[in-house]
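Naming convention: chains lettered A, B, ... in sequence-line order (proteins, then strands); numbering from 1 in each chain.
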Amino acid sequence: MQLQAPKGMKDVTPKDSYKWQAVESLAREICASYGYYETRTPVLEHTELFLRGVGDTTDIVQKEMYTFTDKGERSVTLKPEGTAGVVRMFLENRLFSEAQPTKMYYLYCPVFRYDKPQAGRFREHHQFGVEVFGAPRASADAEVIALACTLVGRLGVEKLSVNINSIGCPECRTTYNDALKAYLRENYNSLCETCKTRFEKNPIRILDCKEERCQGIVADAPKVLDFLCEDCAAHFEELKSCLDALDIAYKVDPMIVRGLDYYTKTVFEIISTEGAYKGTVCGGGRYDNLISELGGPEMCAVGFGMGMERLLLVAESFRQIPAPRPLDVYVAAVGEAARAQGLRFAAQLRKAGVSAEFDHVGRSFKAQFKYADKLGARRVAILGEDELLRGVVKLKDMAGGGERELPLEDAAGIINVIAVNETF
RNA sequence: GUGGGUGUAGUUCAGUUGGUUAGAAUGCCAGAUUGUGGCUCUGGAGGUCGUGGGUUCGAGACCCACCACUCACCCCA
């Protein structure tokens, strides 16, 4: 028995979950303000969906998928990204027949990729993502970028860079690929081995190569942006003016090439430049052909995926996420009769919306106080033999150290004392 | 997939050229008023020294293999 999570997978312990919840509730709040609704789709999909959706020449599909055969001999795959499943959901539920656009988000969506873990890279990670279907105008692209920036900004992350690019539609990309290959042909022998194979298969990926020699060659290569057709160029201009209108600072980076095959026109990345993780925190773009390629109607789409682990890493290096006060009242009771009364009292408090804890260990008064202190309880309600006889409960304020005695019957008065944020 | 680093109490780490019973801090539990937290003091529990081989009279230390973690490359969020 190996008492260890699978390689590259992490637990969220009860002590840390508040950080995730903080990010999640912020994301929900922001999405609601932008008019996005949550969608939830299975962790597993038929393998075919990703082969066709993500693209079978990508690294993700070729070597990183958790694919297996289930007991019914079906090939299924743990989601390697969020978009394909949402498109499937959209088509299966025929949401395309509703009024468009359809604006959706997903949160804490588990994503699996079989690669070697390192800082900010896991075999299972979780994405917050957003998809807008049926919104052709670039203002949708800008809205999605703005939403991502709002979340990251609200978390206090200051050092980041919004990089945008356009990789055009299939038409302009063919023209561009020809031009790129013509340019690269002269330097073909100087390219790294991987790039040599990319040359025929997917030359645009060479732009993304981190090898120094390839970067040198690629620096003066023709830019996709110069080959955009009229429509794509207009779309890119519209995006830029929308971002300007929203006061979002961005950088045009003609070298952005995303790792998923479905992108058209807009691609973007939000990159953290400082903190515990440096690199892409959010990546997305437009994918106008994916819905039809998966068997749906001609319908455009734009969206992004954001790595929540990365987001958290970065956010925490700028600002501590405040831990919520865990407990209003610790009910300390010793003696069987008092314990019975205390158990009831704790239940009454909870019913009134006051969080309460009760001793289940059988500790001494002293130990119960110590424990209450450790929990960060604001008040301790004391119920011992003495109080029981007199029908009262003592209420101690842990910060001030003072005590008040209240009749046990007067629940409302007790709640009031507890609820008021005073020190005594 | 390629390459580096690291594995010793729950946690962070000491552990001499290989030599008796493997330590500290912190955390946990208890006690210092038989009903009161934080501070202090005292005590206690807690370790197959990552696993398996090997060298040796003797291995936590040296060698080999494996495993895990970690970092970088690749790729990505």
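- Residue A/Arg378 contributes atom CZ, which lies 18 Å from atom C1' of B/rG38 at whole-angstrom precision.
- As rounded to whole Å, 15 Å separates atom C1' of B/rC75 from atom CE of A/Met65.
- Comparing B/rU51 with B/rC69, their P atoms sit 16 Å apart, to the nearest whole Å.
- Between the P atoms of B/rG60 and B/rG7, the separation comes to 16 Å (whole Å).
- Taking 4.0 angstrom as the limit, A/Lys374 places a side-chain polar atom (N or O) nearer than this to OP1 or OP2 of B/rC28.
- Comparing A/Asp397 and A/Gly120 along RNA chain B, the residue whose closest nucleotide (by nearest heavy atom) sits nearer the 5' end is A/Asp397.
- Aromatic pair A/Phe304/A/Phe128: ring centres closer than 6.0 Å.
- Where A/Ala367 and A/Asp115 meet RNA chain B, the nucleotide closest to each residue was compared, and A/Ala367 sits on the side nearer the 5' end.
- Straight-line distance between the P atoms of B/rC41 and B/rA25: roughly 11 Å, to the nearest whole Å.
- Considering only side-chain N and O atoms, A/Lys394 lies nowhere under 4.0 angstrom from the phosphate OP1 or OP2 of B/rU36.
- B/rA22 makes up no base pair with any nucleotide shown, lacking Watson-Crick or G-U wobble contacts both under 3.5 Å.
- Residues A/Gln21 and A/Tyr108 have side chains that never bring a donor and an acceptor to within less than 3.5 angstrom of each other.
- The A/Ala119 side chain lies nearest to B/rC71 when the options are B/rC75, B/rC71, B/rC69.
- The residues A/Asp16 and A/Lys19 are annotated as salt-bridged, a charged nitrogen and a carboxylate oxygen being separated by less than 4.0 angstrom.
- Taking the six-membered ring for Trp, A/Phe133 and A/Phe90 have ring centres closer than 6.0 Å.
- You'll find a donor-acceptor pair under 3.5 Å spanning the side chain of A/Lys396 and the base of B/rU36, going by distance alone.
- Applying the Watson-Crick and G-U wobble criteria (two distances, each under 3.5 Å), B/rG1 pairs with B/rC73.
- Taking atom CD of residue A/Glu385 and atom C1' of nucleotide B/rU34, one finds them 13 Å apart after rounding to whole Å.
- Distance check on atom P: B/rC74 versus B/rU2 gives 16 Å, rounded to whole Å.
- Remark: B/rU34 base-pairs with no nucleotide in the shown strands. Criterion, Watson-Crick or G-U wobble with two distances under 3.5 Å.
- In this structure, A/Arg404 is positioned above the aromatic face of A/Phe424, its NZ or CZ under 6.0 Å from the six-membered ring centre and within 45° of the axis.
- For the pair A/Lys79 and A/Glu45, the salt-bridge criterion is not met [side-chain N within less than 4.0 Å of a carboxylate O].
- Base pairing of B/rC62 is made with B/rG54, judged by Watson-Crick or G-U wobble geometry with both donor-acceptor distances under 3.5 Å.
- Taking only distance into account, the side chain of A/Glu403 meets the base of B/rU36 through a donor-acceptor pair shorter than 3.5 Å.
- Classified by interplanar angle (parallel below 30°, tilted 30° to 60°, perpendicular above 60°), the ring pair A/Phe369/A/Phe365 is tilted.
- With B/rC71, B/rA30, B/rA77 as the choices, the nucleotide that has an atom nearest any side-chain atom of A/Arg363 turns out to be B/rA30.
- For the pair A/Arg379 and A/Tyr330, the cation-pi test (distance below 6.0 Å, angle within 45°) is failed.
- A/Gln368 places its CD atom 15 Å from the P atom of B/rG38, with the value rounded to the nearest Å.
- Using N1 to N3 plus N6-O4 or O6-N4 for Watson-Crick, or N1-O2 and O6-N3 for G-U wobble, each under 3.5 Å, B/rG47 pairs with nothing.
- Contacts between residues 8-42 of chain A and RNA chain B, counted as heavy-atom distances below 4.0 Å, involve A/Gly8, A/Lys10.
- Comparing the C1' positions of B/rA24 and B/rC62 gives an interatomic distance of 26 Å, to the nearest angstrom.
- For A/Gln118, a side-chain nitrogen or oxygen approaches OP1 or OP2 of B/rA72 to under 4.0 Å.
- Between A/Gln4 atom CD and B/rC69 atom C1' there is a gap of 8 Å when expressed in whole angstrom units.
- For a distance-only test at 3.5 Å, the side chain of A/Glu387 qualifies as a donor-acceptor partner of the base of B/rG35.
- Straight-line distance from the CD atom of A/Glu64 to the P atom of B/rG1: 11 Å, rounded to whole Å.
- Under the 3.5 Å distance criterion, with hydrogens and angles disregarded, a donor-acceptor pair is assigned to the side chains of A/Asn163 and A/Ser161.
- Heavy atoms of A/Gly279 sit nowhere under 4.0 angstrom from any nucleic acid atom.
- Counting heavy-atom neighbours within 6.0 Å of A/Arg137 CZ, excluding the residue itself, gives a total of 12 or less.
- Residues of residues 302-323 of chain A having a heavy atom closer than 4.0 Å to RNA chain B, listed by number: A/Gly305, A/Gly307, A/Arg310.
- Nucleotides B/rA65 and B/rU48 are separated by 27 Å at their P atoms, to the nearest Å.
- The gap from the C1' atom of B/rA14 to that of B/rU8 amounts to 10 Å, rounded to the nearest Å.
- For the P atoms, the distance from B/rG27 to B/rU40 is 9 Å, rounded to whole Å.
- The phosphate of B/rC75 (OP1 or OP2) has no side-chain N or O of A/Lys63 nearer than 4.0 angstrom.
- The cationic atom of A/Arg363 (NZ for Lys, CZ for Arg) lies less than 6.0 Å from the six-membered ring centre of A/Tyr371 and within 45° of the ring axis.
- Regarding A/Phe369, its CZ atom lies at a distance of 4 Å from the C1' atom of B/rU36, rounded to whole Å.
- Across all strands shown, A/Arg123 has no heavy atoms under 4.0 Å from either base or sugar-phosphate atoms.
- Between A/Phe112 atom CZ and B/rC75 atom C1' the separation is 19 Å, expressed in whole Å.
- Residues A/Arg286 and A/His235 have side chains that bring a donor and an acceptor to within less than 3.5 angstrom of each other.
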